[in-house]
2 protein chains.
Amino acid sequence: MGKDMSYKDKKVITIGIVRDLTGLSERQIRYYEERKLIFPERSAGGSRKFSFSDVELLMEIANKIEDGIQTHDIRKEMLREQKKHNQEDVRRKMIQGQLNAQFGLRKK
Amino acid sequence: MGKDMSYKDKKVITIGIVRDLTGLSERQIRYYEERKLIFPERSAGGSRKFSFSDVELLMEIANKIEDGIQTHDIRKEMLREQKKHNQEDVRRKMIQGQLNAQFGLRKK
DNA sequence: ATAAGTTTGGAAGGAAATCTAACATGCTTT
DNA sequence: AAAGCATGTTAGATTTCCTTCCAAACTTAT
């Protein structure tokens, strides 16, 4: 239940490295956070920590910005995507639930 | 040929995070580097950068240290492992070379 | 058993990396 | 014209990291 994550999603990368990996400025990275496009964690002292997923997302964001899309609209797109995935997830879990009920697979 | 790497091998994690991930002290981590058990890269400013592989290796090292094995012997074990893998690699590549020669698969 | 080596902690002082907040600029959109 | 967007830059404070040293408690070798 403690749900562990792949390396890709572990928040372990500081902003300077993200800068080097993406080619974005730190200013841009912080701004995209402000606009709620990315959600780094924080260290005890307050430093941002990003994952490789965040880095990938930032590169996609960079592309859209280049195409003249505004952060506001990027956010909308992202929320739409998210919703779609959530729905798929719910469907998948419901089906699993049905199966469990029918065939009485017990957990643990 | 620019050989790209998986996330696991990218050197992107600073020592403080490695400390948190492994439970080792920074002192210990630096010492194990001094003893040539791990090989972090450096930022332009001189900060160490580790990969997830390094983190895993550090956890193995920590176990061996707990078992009373000395860094010197851990290093020997590691070199032995390394050599074995290199040999396997050479063998694999030689076989591949033979096949290419026999069947004239051309590269590119 | 004395000497030498191992492993770790801790302190000092300095440099690098990060943080927030503010102001400036050049564009868009309203 | 006013408001909002995206980014750069600066300043000062804080956090993180670096190396170098000394100390302590062990372990191994002579």
Side-chain angles (χ1 to χ4, degrees), chain A residues 10-55 57-80, chain B residues 10-55 57-80:
Chain A
K10 278 220 151 185
K11 307 267 187 175
V12 297
I13 313 180
T14 52
I15 197 168
I17 308 263
V18 174
R19 170 179 32 68
D20 296 344
L21 256 30
T22 60
L24 294 168
S25 69
E26 295 183 19
R27 184 68 171 85
Q28 287 176 305
I29 298 167
R30 294 196 187 100
Y31 181 65
Y32 300 152
E33 178 188 17
E34 188 184 320
R35 302 315 301 271
K36 300 193 190 311
L37 302 182
I38 46 172
F39 302 91
E41 292 179 359
R42 298 290 182 129
S43 75
S47 296
R48 271 166 267 250
K49 297 187 298 180
F50 302 84
S51 65
F52 281 113
S53 291
D54 292 329
V55 170
L57 186 49
L58 279 168
M59 299 198 292
E60 287 176 36
I61 292 169
N63 285 333
K64 292 181 184 173
I65 294 279
E66 273 193 48
D67 296 346
I69 309 182
Q70 295 195 319
T71 55
H72 189 257
D73 294 316
I74 296 176
R75 179 160 161 73
K76 272 197 240 166
E77 280 182 38
M78 285 175 39
L79 290 176
R80 235 182 301 116
Chain B
K10 278 218 151 192
K11 306 267 187 176
V12 297
I13 313 181
T14 52
I15 197 168
I17 308 261
V18 174
R19 169 179 33 67
D20 295 344
L21 257 28
T22 60
L24 295 167
S25 68
E26 296 183 18
R27 183 69 172 83
Q28 286 175 304
I29 298 167
R30 294 196 186 101
Y31 181 63
Y32 300 151
E33 178 189 16
E34 188 184 321
R35 303 314 302 271
K36 301 193 188 313
L37 302 182
I38 46 171
F39 302 91
E41 292 180 358
R42 296 292 182 128
S43 75
S47 295
R48 272 166 265 252
K49 298 187 298 181
F50 302 84
S51 65
F52 281 114
S53 292
D54 292 329
V55 170
L57 186 49
L58 279 168
M59 298 198 293
E60 288 176 36
I61 291 169
N63 286 334
K64 293 181 182 171
I65 293 279
E66 273 192 49
D67 296 347
I69 309 180
Q70 295 196 323
T71 54
H72 188 258
D73 295 316
I74 296 176
R75 179 158 160 75
K76 272 196 241 167
E77 280 183 38
M78 284 176 39
L79 290 176
R80 235 182 302 116

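Just so it is clear: chains get the letters A, B, ... in the order the sequence lines come, proteins before strands, and each one is counted from 1. Everything numeric in this text was worked out from a predicted model, so none of it was measured.
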Check the distance between [N]'s [atom2] and [X]'s [atom1] and give it to me in whole angstrom.
X: B:K49; N: D:dC17; atom1: NZ; atom2: P; value: 14 Å
X: B:H72; N: D:dA29; atom1: NE2; atom2: C1'; value: 14 Å
X: A:Y31; N: D:dT7; atom1: OH; atom2: P; value: 7 Å
X: A:I61; N: D:dT7; atom1: CD1; atom2: P; value: 11 Å
X: B:R30; N: D:dC21; atom1: CZ; atom2: P; value: 15 Å
X: B:D20; N: D:dT15; atom1: CG; atom2: C1'; value: 13 Å
X: A:R27; N: D:dT10; atom1: CZ; atom2: C1'; value: 12 Å
X: A:E66; N: D:dT7; atom1: CD; atom2: P; value: 11 Å

Can you confirm whether more than 12 heavy atoms, excluding those of B:K10, are under 6.0 Å from its NZ atom?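 Not more than 12 within 6.0 Å, no.
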Check this one for me: any side-chain N or O of A:S25 less than 4.0 Å away from OP1 or OP2 of D:dG8?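 Yes, within the criterion.
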Could you tell me from which nucleotide to which nucleotide of DNA chain C, 5' to 3', there is an atom under 4.0 Å from chain B heavy atoms?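 Contacts span C:dT6 to C:dA17, reading 5' to 3'.
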For B:R35, which contact category applies under a 4.0 Å heavy-atom criterion: base, sugar-phosphate, or nothing?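 Sugar-phosphate, no base atom in range.
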Hey, which sits more toward the 5' end of DNA chain C by its nearest nucleotide, B:T71 or B:G46?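 Looking at DNA chain C, the more 5' nearest nucleotide goes with B:T71.
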In plain terms, say whether A:D54 and A:K11 are close enough for a salt bridge, that is, a side-chain N and a carboxylate O under 4.0 Å apart.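 Judged by the 4.0 Å cut-off on N to carboxylate O distance, A:D54 and A:K11 do form a salt bridge.
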